[in-house]
Amino acid sequence: MRAISLVKRIEFAFQGNVARNALTLGDVDNDGFNELIVGNHNGDVNIFKGTKKLQTISKLNFVTCVAVADIMNQDKNVLIIITANGWCYLYAYPENNQSDNSQKDVDEGVEEVDGQIQSATTVDNKESLPPPEVHVENSKKDLQDPQLVCIHMQRIPANSKNIVLGDIDGDGNIEMVLGLTDRVVRSYKWIGNPDTSTLDITDSSLQFNPSDKLLGKFVALNKWECANQIGSITIHHTAEGKPSILIAQPGGTFMRIKCQTDDLASEECVESSIHSSSSSSTGEHISGTVDYQFLGMSRMRNQNISTEILGDLHCSIHDSGVSFDKSSIDSQRSANSSKGKPYALATLDGTIILVQDEVILWAIAVDHQIFALTKLDVTGNGSDDIVACSWDGETYIMDLEKNSVRFHLDEAVQAFHSGYYHLHDDEPDSPCLVYVTFKNTIIVYYDLALRELTCRKFEPDLVKLSELFADKERSPEEALEHVRTLDRKSKRELVECLLYGL
Amino acid sequence: MQHFKDVHFFHTPSQGNIYTIVELPMTSGSTKLLVASLKREIYCFEFQESPSGSLIPSCKEVSFTYIPNGAEIISMDAFNKNNNSNEFIIGITIIKNSNDSEGRLENYLNIYSGEDTEEFNIESVAQSCLNVELNFIPYKLLHTYLVTWNDELLNKEVVFVLSGSDNQVHVYKENMADHIYKELDNLEYFPEFTKTPSPVIWIDIYYSPDYSERVTSFACECGYVKLLKVDVRSNKVIYNFSTRFGNYISRVYISPENDVPEDKLFKKNLTFTDIMRQRRTERSTSSKRLNLIVINTILPSVIFHDILKYGLSKYSTLPRINTTNISTTCEVADIDFDGEKEILIGTSSEEIMVYKRDSEKVWWLEEVKKMTSPILGIKCVDVTGDGVKDLVILSMKGVQVLQYEQGYLQRILNSKIENITVPDVSELNIKK
């Protein structure tokens with residue numbers, strides 16, 4: 001397999017153990033560029049932007065999941081932090097159009113963070129938290145960088161380990177799906193408070209407490225129980241655009257949940273949950289179908305091996321680099337429109353499988369333990385590439401045609417992510433690989449200079465080459481024919497002579 | 001260098017040194033690479049072509065016989081004995097702690113040669129070994145021609161040249177009858193190799209096209225550089241220059257100002273042959289100008305211009321940007337197809353520095369390319385066999401192969417073809 005070495009990298013220091021989903025790349029400050037957000041087992045969450053650290057949110061509990069999404073459905077990304085002991089925090093930047101002086105904003109922001117420290121440590125008090133002490137001290141902080149402020153916190157069942165955000169029921173709003181270590185998958189929906197949806201949380205007169213649910217709250221929609229431990233969760237869309245949740249199960253199998261919104265029922269559920277104080281599961285209103293998929297070849301394998309799954313791999317046929325003749329492109333395209341998008345599975349014993357409509361397109365076996373499966377358009381050709389990482393730092397980049405490239409990080413990896421990260425001011429986000437090592441560092445490889453995953457010999461353009469041979473005795477057609485029939489050796493010598501001899 | 005893309009990278013389990021990468025140019029036009037690491041592993045790297053036309057990198061470990069456990073590989077060299085087939089001779093020098101109480105070092109030069117077979121098989125070459133015991137620690141191993149003139153008859157034989165810790169340079173020649181390698185007397189054949197003040201790190205030998213003269217340069221650990229011209233027929237030293245730099249020298253490189261393209265293509269009767277032949281004669285005149293590049297590890301590297309005419313008196317220095325790193329290696333090649341050679345210097349600070357000569361013949365640092373680990377060797381050879389030279393970089397972690405982007409090559413090729421086919425405007429005017 002072709003291997004590459006990557007040169008451009010930056011390193012951040014970050015202490016502590018990082019859970020596999022406590023690492024994400026997302027645009028948390030809504031400036032159009034991605035930041036890197038990492039959380040550790042001590043409850044510190046760092047936000048990195050460019051080459052510097054923007055902010056540390058500390059004294060939470062064991063951070064298991066971080067995600068950035070427009071979960072409040074207000075066209076504004078917020079940071080979602082889930083801790084192992086069952087707290088869900090939402091962080092956002094305060095709106096800039098305040099009339100108050102910004103000094104206050106920052107102070108308040110810091111206080112909010114402090115306020116929920118206490119709440120996080122006093123978990124036993126259920127939701128009756130002591131109000132955060134607002135002692136406005138005039139700390140001379142740099143006012144240029146606004147800080148993330150906790151805008152919401154809510155008790156959820158403990159031990160979440162996976163988070164997926166997306167529209168799972170086709171209603172146009174983003175839902176949150178959590179996978180728990182006790183084989184349970186739960187889905188939540190954000191219900192904004194209609195009275196205070198645009199609450200100015202930095203208004204100090206409000207005595208805002210993030211646990212007050214002033215802005216709204218998460219309402220549990222569904223609870224599903226899997227037969228086995230959850231590997232990872234992904235959202236996949238069928239050919240008709242219907243969303244489904246795929247939950248990886250041991251042994252290269254997965255569970256598929258199709259959520260169909262029964263509009264009336266969900267409205268009702270929302271209504272009822274707004275008024276009820278409990279956030280218990282009201283998912284019975286939403287009809288969903290659940291099926292288990294055993295991909296053909298998975299039966300041969302170890303049934304207990306943990307599995308990762310990744311849905312919605314985007315592929316564009318005509319940019320695949322291989323030159324089909326026109327008819328085959330058309331046939332492929334028409335065939336493709338009736339087919340769903342492919343999705344990928346990877347198992348810890350080193351099998352990477354690409355599946356389309358429950359049919360295995362290809363599978364490869366590698367001798368490294370793959371624990372993370374992500375997608376990234378590395379080559380920039382419009383198709384997603386699969387990026388899989390193993391515990392010992394071996395990283396595989398594969399396109400949907402099974403061409404592959406590997407990269408070896410000389411260190412063990414505890415968390416991996418791939419995506420786009422913003423580094424240079426005047427350039428768009430660059431594709432990057434993010435590794436969290438066991439040596440308290442985060443390594444970001446950026447500007448992956450991979451234009452194609454295969455490499456080939458230089459083939460000169462024959463038409464241009466034939467110009468050399470066209471003269472009085474030879475017509476251009478004959479010259480072209482002559483060039484075409486040149487054997488390899490003389491063609492090579494010709495190229496060498498032209499390039500180096502002239 | 002931005003037109004290069006990363007094709008393949010392979011790790012070596014232990015690091016090599018500046019002597020441990022060797023190319024094996026196949027008669028098919030492609031090149032295999034032989035890379036040794038300190039702890040006895042030797043890898044043979046090549047590209048294979050899949051049916052769909054994509055290149056599959058293949059890196060095989062070759063187990064050379066007679067390299068005992070605990071031995072360490074110092075240097076390696078290889079040459080093709082036969083012009084028409086792949087009959088390679090590979091020399092490997094090793095040192096080994098002997099088991100006796102004095103803890104002496106055992107040093108060997110192992111010479112491997114294979115049968116002349118249709119398909120080159122490195123495994124079979126690695127199995128037949130001739131052993132030369134050395135009573136010094138080996139340094140640089142290279143091969144050169146031993147040219148003897150019998151009246152007007154030229155006789156060329158390839159010999160191994162090895163420098164050692166005894167401050168001498170040794171020459172080994174195969175004795176065909178006995179099938180052993182024997183050391184030659186330097187005075188008789190290589191009068192330039194006299195005793196030096198410290199071990200010789202690198203030797204470069206250049207024969208004039210008609211093999212009547214030989215230019216030899218070598219550099220020692222203490223910074224002593226010697227440049228000699230030898231008349232091959234009489235075996236007399238024509239001139240002898242020496243200088244001393246105050247630091248360790250990692251490389252000397254004798255480079256003709258221009259490479260003369262081989263004559264292969266000119267036999268065919270093509271419309272552009274005349275143009276090419278004309279370029280060729282232009283070049284062969286300038287190719288008589290030899291430059292000597294001396295890579296200083298700590299000081300700025302130096303290029304001595306036209307050493308046949310000026311000796312070591314006309315020189316310029318290559319500016320450094322970093323004074324804390326060590327320059328380890330260099331390659332002189334035309335990497336941007338403008339007909340002028342560039343100098344590439346590899347450093348310990350994971351960089352390749354590209355020097356280019358401007359129109360006023362001044363050398364400038366053109367570009368610095370970052371690599372992943374300290375660099376031990378750079379080679380500009382055609383690994384893929386497509387007529388275009390690829391860049392091979394040996395670093396402490398492994399070997400990286402870089403290839404030109406296809407689009408860039410095609411653009412260069414188009415402009416070269418247009419240079420020939422599109423008639424010159426000034427010529428058209430004359431016809432009027």
Side-chain angles (χ1 to χ4, degrees), chain A residues 1-9 321-323 394 401-410 445 447-474 479 482 486 488-502, chain B residues 5-11 28-29 47 49-50 52-57 259-262 264-266 268 270-272 275-276 279-280 283 334 337 339 350 369-373 382 384-389 395 397-398 400-401 403-406 409-410 412-414 416-421:
Chain A
M1 192 187 286
R2 194 182 151 200
I4 54 163
S5 69
L6 298 174
V7 177
K8 290 182 177 172
R9 73 176 205 174
V322 186
S323 55
E394 194 83 10
E401 275 102 39
K402 209 182 170 182
N403 299 315
S404 58
V405 163
R406 73 193 146 85
F407 165 69
H408 188 76
L409 182 80
D410 284 335
Y445 284 96
D447 277 359
L448 306 177
L450 261 177
R451 284 173 202 89
E452 49 201 354
L453 294 184
T454 54
C455 56
R456 45 189 65 236
K457 288 184 179 183
F458 173 58
E459 280 297 329
D461 180 14
L462 293 179
V463 177
K464 195 78 198 172
L465 212 57
S466 70
E467 288 178 17
L468 287 174
F469 297 90
D471 52 19
K472 287 165 210 143
E473 293 135 51
R474 252 198 278 239
H482 174 74
L486 273 180
R488 255 209 160 147
K489 196 174 173 206
S490 33
K491 203 191 279 177
R492 178 173 59 76
E493 281 170 359
L494 183 63
V495 167
E496 189 177 354
C497 201
L498 287 167
L499 285 176
Y500 294 100
L502 282 171
Chain B
K5 62 174 190 195
D6 203 341
V7 186
H8 189 65
F9 178 85
F10 67 92
H11 279 273
S28 68
F47 279 110
E49 205 168 356
S50 76
S52 65
S54 60
L55 293 168
I56 304 163
D259 280 329
V260 185
E262 283 177 55
K264 288 177 277 196
L265 206 75
F266 301 112
K268 291 172 194 157
L270 298 172
T271 43
F272 57 93
I275 305 170
M276 285 207 163
R279 300 279 158 97
R280 189 163 174 272
R283 287 218 178 166
D334 180 13
F337 307 104
E350 315 179 355
K369 184 173 171 72
K370 288 292 276 182
M371 305 303 292
T372 47
S373 65
D382 183 7
T384 50
D386 54 3
V388 189
K389 289 190 173 110
S395 68
K397 280 185 191 159
Q400 183 160 10
V401 184
Q403 199 185 25
Y404 287 98
E405 273 171 44
Q406 307 249 331
L409 283 179
Q410 189 61 52
I412 294 278
L413 200 67
N414 287 356
K416 300 247 175 192
I417 290 173
E418 275 154 22
N419 268 345
I420 307 173
T421 50

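Residue numbers begin at 1 in each chain, while the letters A, B, ... track the order of the sequences. Side-chain atoms are counted along with the backbone in the values below, which use heavy atoms only and exclude waters and symmetry mates.
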Calculate, to the nearest 0.5 Å, the distance between atoms [atom1] and [atom2] belonging to [X] and [Y] respectively.
| X | Y | atom1 | atom2 | value |
| --- | --- | --- | --- | --- |
| A:Asp461 | B:Asn414 | CG | CG | 6.5 Å |
| A:Asp410 | B:Ser373 | CG | OG | 9.0 Å |
| B:Asp386 | A:Glu496 | CG | CD | 9.5 Å |
| A:Arg492 | B:Thr384 | CZ | OG1 | 10.0 Å |
| A:Arg456 | B:Gln406 | CZ | CD | 7.5 Å |
| B:Ser54 | A:Glu452 | OG | CD | 10.5 Å |

Notebook entry, point to check: By a 4.5 Å heavy-atom criterion (distance strictly below it), what part of A:Arg9 contacts chain B: side chain, backbone, both, or neither?
Noted result: neither
Check: Using non-hydrogen atoms only, which part of A:Leu465 is less than 4.5 Å away from chain B: side chain, backbone, both, or neither?
Finding: both
Can you find a pair of side-chain heavy atoms, one from [X] and one from [Y], that are under 4.5 Å apart?
| X | Y | answer |
| --- | --- | --- |
| A:Val7 | B:Lys369 | no |
| A:Leu498 | B:Ile417 | yes |
| B:Leu409 | A:Leu499 | yes |
| B:Lys370 | A:Lys8 | no |

So which heavy atom on [X] is nearest to which on [Y], and how close?
| X | Y | answer |
| --- | --- | --- |
| B:Gly387 | A:Tyr500 | O-CE1, 3.7 Å |
| A:Cys455 | B:Val7 | SG-CG1, 3.1 Å |
| B:Leu55 | A:Lys457 | CD1-N, 3.6 Å |

Next item on the list: Just give me the residue among B:Gly385, B:Gly398, B:Ser50 that pairs up with chain A most often, heavy atom to heavy atom, under 4.5 Å.
Entry: B:Gly385
If I measure from the heavy atoms of chain A, does [X] come under 4.5 Å with its side chain, its backbone, both, or neither?
| X | answer |
| --- | --- |
| B:Gln403 | side chain |
| B:Lys5 | side chain |
| B:Glu405 | side chain |

Check: Under a 4.5 Å heavy-atom cutoff, which of A:Arg406, A:His408, A:Arg488 has the most pairs with chain B?
Finding: A:Arg488
